[in-house]
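Every number for a ligand or one of its atoms is a count from 1 in the order of the listing.
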Amino acid sequence: MSKSLQAIRGMNDILPEQTPLWRYFEGAVANLLDGYGYRQIRMPIVEVTELFKRSIGEVTDIVEKEMYTFADRNGDSLTLRPEGTASCVRAVLEHGIAGGGQVQKLWYIGPMFRYERPQKGRYRQFHQIGVEVFNLDGPDIDAELILLTWRLWGLLGIRDAVKLELNSLGTSAARANYRAALVQYLSARLELLDEDSKRRLASNPLRILDSKVPETQALLADAPKMADYLDEESRIHFDGLKARLDAAGIPYVLNPKLVRGLDYYSKTVFEWVTDQLGAQGTVCAGGRYDGLVEQMGGKPTAGVGFAMGIERLILLLETLGQVPAEIARQVDLYLCAFGEPAELAGLALAERLRDQLPGLRLQVNAGAGSFKSQLKKADKSGALFALVLGEDELAQQVIGFKPLRGQGEQQNIAWDALPEHLVACLKQV
Ligand code: HAM
């Protein structure tokens, strides 16, 4: 195939072999969120560029170098969304659904786009499930978000492989004080800083804290600590969150250098990280953004949320062997019919079975090929049982019921008795 017609680098097809695991994962999260009373919202994939610049921050990696931005035919600057929080805040404001202190607990799912260097666990089109809560300012809701993700890791069987890192960035006033102290400290040691950090010192000094350069990290060992600059309000909030996590028995690690790559956070920030996926180990991340709604033109409104990377969690499930066996099987029954009269009767019988047993996964391949080749296909389909309908069976109004996975011998079952027989057999697997 000509290279120009291949998928764009970092944007992947999700093939039929993989979609059952995706659907299992997405279904598990949707059920869990339903159980906590969160409601789904669906936002457009494209927004005006200004939205992301104003919310995520002009001097962030995302806005500076990772957005897919283009002019539409009107000349308006549009951007493929790099994340969901900005769009969600825009939607909530536009429709007035969090006005007057109205609590909203929302979630969304879908593709996000960032022009990053693709590698394992990092793509240019990736998928997130995100949660955003408006108008709840206490640490109890921060705790609920963490509790529900902890429950999800339990349901998926990956709890032992993820670790919670936690920090508080304080209110914007507290952060401004800390920023000034950090800049003063680092400015006095400018010659020891790496080039990237020097650049950030003027634009976004807090991001220096998560620099990967060892010399910069060594320099930071004696730098002012964010925890010492937290104001009373933020400290009480953070203590409240920690107390709730302790009470619920959720382990966490305090990471004073956790700053996140988006500018809208205040107070709580957290990341769930794993060491099982190499460099791209953050599977879920978020925090509080109490100033964002106001910054986007709304009334002061508390906000807190997170987003998880679906690709990374799918990779983690595969790496840990936590893919439930039954999700790979997409067919219960495979109907083979031989000769036109049997084929016609088979089709009608299959429809009747679908009426009687909603949810039955039945594949029909009537009339295509010899007895042997049809049974081969039945076996390959992964079905548990084949239904065999030929001239003899048709004459007797029975069907050959053939277990394909070594669960006994083939037997003839009367058409009328088939639903009951099927239910009993499927229950046993
Ligand atoms: P984020 O940390 O940029 O936060 O992304 C959240 C998660 O999306 C990451 O932890 C990771 O699992 C996944 N992710 C990010 N970039 C990629 C990529 N290039 N390839 C694969 N997966 C990726 C946000 O997006 C915030 N909106 C989260 C939030 C919601 N904060 C408050 N509410």
Side-chain angles (χ1 to χ4, degrees), residues 8-12 14 25 29 33 38 41 43 47 51-52 55-57 60-63 65-68 80-92 104-134 136 141-142 145-146 148-149 152-153 158 162-165 167 169 207 210 258-274 276-293 301-317:
I8 295 165
R9 199 161 103 87
M11 303 200 181
N12 301 312
I14 300 159
F25 175 78
V29 183
L33 291 168
Y38 287 71
I41 181 169
M43 297 88 67
E47 302 266 4
L51 173 69
F52 301 114
S55 53
I56 298 169
T60 55
D61 283 352
I62 296 182
V63 171
K65 42 191 187 200
E66 294 172 1
M67 294 206 301
Y68 280 91
L80 297 184
R81 63 180 182 194
E83 59 108 52
T85 310
S87 305
C88 193
V89 166
R90 194 244 342 116
V92 157
Q104 287 290 349
K105 293 182 166 189
L106 305 172
W107 71 276
Y108 50 84
I109 179 170
M112 308 290 161
F113 302 84
R114 295 184 195 175
Y115 192 81
E116 294 192 83
R117 204 164 40 79
Q119 62 177 90
K120 180 181 168 190
R122 190 167 69 192
Y123 310 102
R124 290 180 174 173
Q125 174 175 329
F126 60 98
H127 298 78
Q128 286 184 343
I129 296 182
V131 168
E132 314 291 351
V133 178
F134 297 96
L136 289 175
I141 188 68
D142 306 36
L145 294 182
I146 289 170
L148 75 83
T149 43
L152 180 66
W153 314 145
I158 58 174
V162 290
K163 191 177 74 176
L164 175 62
E165 296 198 357
N167 192 21
L169 300 179
R207 284 311 303 274
D210 66 8
L258 182 64
V259 286
R260 311 267 306 119
L262 307 99
D263 276 357
Y264 47 62
Y265 292 109
S266 57
K267 295 185 181 159
T268 313
V269 285
F270 65 91
E271 292 192 352
W272 288 98
V273 292
T274 179
Q276 302 283 314
L277 297 180
Q280 304 305 319
T282 306
V283 292
C284 173
R288 187 162 272 287
Y289 48 87
D290 288 344
L292 183 58
V293 174
T301 304
V304 58
F306 67 78
M308 53 182 104
I310 303 185
E311 282 83 356
R312 291 186 190 175
L313 283 157
I314 297 279
L315 271 173
L316 187 57
L317 289 172

- Message: Quick check: closest heavy atoms across Arg81 and Ile109, and the distance to 0.1 Å?
- Response: NH2-O, 4.3 Å

- Which residues pass the side chain to side chain contact (heavy atoms under 4.5 Å, CB included) test with Asp210, sequence neighbours left out? Arg207, Val259

- Can Arg124 and Glu116 be counted as an ion pair, charged N to O under 4.0 angstrom? no

- Contact residues of ligand 1 (heavy atom under 4.0 Å), by chain and number: Glu83, Thr85, Arg114, Glu116, Gly121, Arg122, Tyr123, Phe126, Gln128, Glu132, Arg260, Leu262, Tyr264, Tyr265, Thr282, Val283, Cys284, Ala285, Gly286, Gly287, Tyr289, Gly305, Phe306, Ala307, Gly309, Arg312

- Query: In terms of side-chain heavy atoms, does Tyr108 have a donor or acceptor partner in Gln128 at a distance below 3.5 Å?
  - Reply: no

- Task: Find out whether Thr149 and Leu164 are in side-chain contact, i.e. whether some heavy atom of one side chain is under 4.5 Å from a heavy atom of the other.
- Result: no

- Message: Between Arg260 and Glu271, does any NZ, NE, NH1 or NH2 come within less than 4.0 Å of an OD or OE carboxylate oxygen?
- Response: yes

